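Here is the structure we will look at.
Source: prediction; values computed, not measured. As a basis for the values below, the full set of heavy atoms in this structure was taken, side chains included, without hydrogen atoms, waters or symmetry mates. Note that ligands are numbered from 1 as they come in the structure, with each ligand's atoms numbered from 1 the same way.
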Amino acid sequence: MLKLFKNWFGNNRKPARLSLPEIELDKVPAHVAIIMDGNGRWAQQRGLPRVAGHHSGMKNVKKITMAANDIGVKVLTMYAFSTENWKRPKEEVEFLMKLPQEFFPLEIEELIQNNVRIRMTGWKEGLPDYTLNAIEGAIERTKHNTGLILNFALNYGGRKEIITGVQHLIQDVQEGKINPDELSETQISSYMLTSDLPDPDLLIRTSGEQRLSNFLLWQLAYSELWFTDAYWPEFTEDLFNQAIAEYQRRGRRYGGV
Ligand code: FPP
């Protein structure tokens, strides 16, 4: 059985925590999705404005990306901004929209060194130019990288994704490209924004909340769910690895026995 121990020497990276060897490298989830929740409460607990929590949360993104990269996760999808988050106070929305233009100049070199590829799942329409430029610049700079895909769900909502997918599907039916009597799960998946990615094997949500909040509704059908009370800014590599270890102990049956 391959243990992470082997990987330490394999890629010459120092492990984050000594508890890592309990992870079996041949059973690492290919796609991990994370709902990074609790930034506001983390800040409020410390007498700080909510946006300080988002800033601290942003700093955690690279750390967890590297932890995922260390063990061989292929895709890491981070819920950065939902279609519902526009309802937040204007100042908070603006702050969140400015995070990519701080994050990428700060972290892109290390991400590139680690062969990470950036991508985005969500709607570009509605995003300010500076947000879009920051993320598109990072996508462009990392487009030939072949390692972990760091996928930001930005201006993303699961129901909107399904509605848009259904609209395209109806169009294709009307044009005779699809036979509705033979519609398959694979075909529906091909109308989702993540059509080129595997479905998440594991969903992590921080902050003690236990709901999906309109995240990857179609794609999470058979995912394992893992929750922690830790707020996102205090979510550590150790907790990430605990989630992976717990995932590896579960038996996935996909409705079978
Ligand atoms: C939810 O916490 C978190 C968000 C809406 C934003 C998450 C975004 C980041 C952590 C940074 C992303 C980084 C980049 C580069 C795009 P909340 O505000 O709902 O917390 P609360 O439930 O305690 O109020």
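Residue contacts with ligand 1: M58 is placed with no nitrogen or oxygen under 3.5 Å of a nitrogen or oxygen of the ligand (distance criterion only). Between W42 and ligand 1, not a single N/O pair is under 3.5 Å apart. For ligand 1, the polar-atom distance check against N39 finds a nitrogen or oxygen pair separated by under 3.5 Å.
Every atom of ligand 1 with a heavy atom of W232 under 4.0 Å away is listed here by number and element: 10 (C). Residue-ligand proximity, L99 to ligand 1, at heavy-atom distances under 4.0 Å covers atoms 11 (C). Taking a cut-off of under 4.0 Å to the non-hydrogen atoms of L96, the atoms of ligand 1 that pass are 6 (C). Against a heavy-atom cut-off of under 4.0 Å, H54 is close to the following atoms of ligand 1: 4 (C), 6 (C), 18 (O). Here is the list of ligand 1 atoms found below 4.0 Å of a heavy atom in R41: 21 (P), 22 (O), 23 (O). Atoms of ligand 1 lying under 4.0 Å from any heavy atom of N85, numbered from 1 in the order shown and given with element: 5 (C). Under a 4.0 Å criterion applied to the non-hydrogen atoms of A80, ligand 1 contributes the atoms 6 (C), 7 (C), 8 (C), 16 (C).
Residues D199 and Y222 have side chains not in contact (no heavy-atom distance under 4.5 Å, counting atoms from C-beta outward). Looking only at side-chain heavy atoms (C-beta outward), R117 and T146 stay at 4.5 Å or farther from each other. At least one side-chain heavy atom of W232 sits under 4.5 Å from a side-chain heavy atom of N60. Contact of the V28 side chain with the L25 side chain is registered, since non-hydrogen atoms from C-beta on lie closer than 4.5 Å.
Using cut-offs of 30° and 60° on the angle between ring planes, the pair H54 and F95 is tilted. Using the six-membered ring where Trp is involved, Y79 and F215 have ring planes that are parallel, under 30° apart on the 30 and 60° scheme.
What sits closest to atom 14 (C) of ligand 1 on the protein, heavy atoms only, is F152 CE2, 3.8 Å.
Residue contacts with ligand 1: S207 is excluded, as none of its non-hydrogen atoms falls under 4.0 Å.
Salt-bridge check for R119 with E136: failed, with every basic side-chain N at 4.0 Å or more from each acidic carboxylate O. Salt-bridge check for K27 with E224: failed, with every basic side-chain N at 4.0 Å or more from each acidic carboxylate O.
If you look at L154 next to ligand 1, there are no close heavy atoms at all, none under 4.0 Å.
With R88, R50, M36 as candidates, the residue nearest to atom 19 (O) of ligand 1 on a non-hydrogen basis is R88.
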task: Apply salt bridge (Lys or Arg N to Asp or Glu O under 4.0 Å) to the pair R141 and E109, showing each step before the final yes or no.
output: CA-CA 10 Å; R141 280 197 70 189; E109 294 305 332; 3.1 Å; yes
